[in-house]
Amino acid sequence: MVMRVSESVYVKMLKGFLVDLPTPVNLNYWFGFGVSLGMIYVVQVVSGLVLSLFYSVGADGSFWEVVYIMQEVSYGWLIRFVHSSGVSIFFICLYLHTFRGLIYGGFSKPMVWVSGLVILLMVMAVSFLGYVLPWGSMSYWGMTVVTSMLGAIPYVGVYLMEWLWGGSSAGVGTLSRFFSLHYLLGLGVSVVAIYHMVSLHDEGSSNPLGVSSGLDKVDFHELFTYKDVLGLVVVLVFYWVLVMCYPYLMMDSANFEEVSFVKTPLHIKPEWYFLFVYCILRSVSSKLGGVILMVMAIVGLMFLVVGGGKGVYRKVGFIYWKLLVIGFGVSFVCLTIMGGEMVEYPYELVGFMFTIIYFMSLVVMVGVGSLGVVYKVS
């Protein structure tokens, strides 16, 4: 009897959370990336778990262990491509999901917005740790360059860097640490993701019109279930094409070379989803200043919640806000492109200019939000 009552309670909770959830009637396909992100996260966890069964760190690292997985393990190549390509798909959806929040005023829901950005930071950390695990030339030297930036932090920077490396320099011991932190932090993402979803369902969703939708809601199922499934199918098709047809598209050729501690790649750079912060990092001559700007490129978005509810129903509709968001988005794309180029003229200058545009757009957006400025809707 007790078990039946408990089951009934859980069923009601599940229905209220996924089926009968009151949802603004005018949500469009931009609001479906959350479902795609959830699906890709599950695929990443499962594929990562399978890879961990065969992955090992030897005395010389793990380069040949990855080759073994690709060539000797049955369908090991498929699991590896699903995992490596899934990171790129995950970041595409994650960046678009964040951009949608900027367009439609998602920052008006403080806990939802902040928890979402925490997920973004955690996923970036998990991906950076995972990028080192194949122990290719670009992985090692990219990791060494980025982690050495910690040394610029006053007082504790050197100690943090040595703790992360496991010694005075990066080596095989660092790889073992990164492997442990990779899956531990990866599983930790699920905790914040659950909190993010609970906060979303508690505070309610924003909507394309940026107006109060308290009296204009429908049940989530069936309308939005079908919309989310259609969007998920599109993402899955893109995922399948990337895995089966272009699995090496997002990989750097230097990463197919085993680590050499005495030979560096001609152009050290991280994966494409870190290129915008990498470009920001190298746009200033000060090591500490670059690290601060790199962190503020993401953390700065959290300040949008300061006064985020003031006039948000007008803000997302006026032309000035649209121009700010477009400028922010264009600067993000250009920083990503410039981050992949050599540190030389004119790429260095262009990267510096778009770094200024990126932060100017962010500061103005935060200022508009905190002051609650309301303009005439265009």
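Remember, predicted model here, so these are calculated numbers, not experimental data.
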K.L.:
Fit a plane to each ring of Phe256 and Tyr248, take the angle between them on a 0 to 90° scale, and name the class: parallel (under 30°), tilted (30 to 60°) or perpendicular (over 60°).
P.N.:
perpendicular
K.L.:
Determine yes or no for a side-chain-to-main-chain donor-acceptor pair under 3.5 angstrom, with Asp228 supplying the side chain and Val35 the backbone.
P.N.:
no
K.L.:
Measure across Leu175 and Ser62 and return the closest heavy-atom pair with its distance rounded to 0.1 Å.
P.N.:
CD2-OG, 3.4 Å
K.L.:
Are there more than 12 heavy atoms of other residues, nucleotides or ligands under 6.0 Å from atom OH of Tyr347?
P.N.:
no
K.L.:
Determine all donor-acceptor pairs shorter than 3.5 Å in which one atom belongs to a side chain in residues 149-167; sequence neighbours excluded.
P.N.:
{"from": "Trp165", "atom 1": "NE1", "to": "Thr147", "atom 2": "OG1", "distance (Å)": "2.9"}

K.L.:
How long is the span from the CZ atom in Phe54 to the CD atom in Glu72, to the nearest 0.5 Å?
P.N.:
12.0 Å
K.L.:
Please round to the nearest 0.5 Å and tell me the distance separating atom OH of Tyr239 and atom OG of Ser88.
P.N.:
9.5 Å
K.L.:
For Met360, is the CE atom crowded, meaning more than 12 foreign heavy atoms sit under 6.0 Å from it?
P.N.:
no
K.L.:
Does Met124 have more than 12 heavy atoms from other residues, nucleotides or ligands lying within 6.0 Å of its CE?
P.N.:
yes
K.L.:
For the residue pair Trp77 and Tyr75, categorise the inter-ring angle as parallel (less than 30°), tilted (30 to 60°) or perpendicular (more than 60°).
P.N.:
tilted
K.L.:
If you round to the nearest 0.5 Å, how far is OG of Ser137 from CG of Asp252?
P.N.:
9.0 Å
K.L.:
Which pair of heavy atoms, one from Gly136 and one from Val259, lies closest together, and at what distance?
P.N.:
O-CG2, 3.4 Å
K.L.:
Nearest heavy-atom pair of Leu275 and Gly339: which atoms, and what distance?
P.N.:
CD2-O, 3.5 Å
K.L.:
Of all residues at least two apart in sequence or in a different chain, which pass the ring pair (Phe, Tyr, Trp, His ring centres under 6.0 Å) check with Tyr358?
P.N.:
Phe328
K.L.:
Ring-plane angle category for Phe91 and Tyr95, please: parallel below 30°, perpendicular beyond 60°, tilted otherwise.
P.N.:
tilted
K.L.:
Is the Lys NZ or Arg CZ of Arg100 less than 6.0 Å from the centre of Phe33's six-membered ring, within 45° of the axis?
P.N.:
no
K.L.:
Evaluate whether atom OH of Tyr246 has more than 12 neighbouring non-hydrogen atoms of other residues, nucleotides or ligands under 6.0 angstrom away.
P.N.:
no
K.L.:
What orientation do Tyr140 and Phe261 show, parallel under 30°, tilted 30 to 60°, or perpendicular over 60°?
P.N.:
perpendicular
K.L.:
For Gly351 versus Cys279, what's the shortest heavy-atom pair and its separation?
P.N.:
CA-SG, 3.7 Å
K.L.:
For the ring pair Phe31 and Tyr104, is the centre-to-centre distance below 6.0 Å?
P.N.:
yes
K.L.:
Can you give me the closest heavy-atom contact between Leu266 and Met342, atom names plus distance?
P.N.:
O-CE, 4.2 Å
K.L.:
With Tyr41, which residues qualify under side chain to side chain donor-acceptor pair (under 3.5 Å), at least two apart?
P.N.:
none
K.L.:
Counting only heavy atoms not in Tyr55, do more than 12 fall under 6.0 Å of its OH?
P.N.:
yes
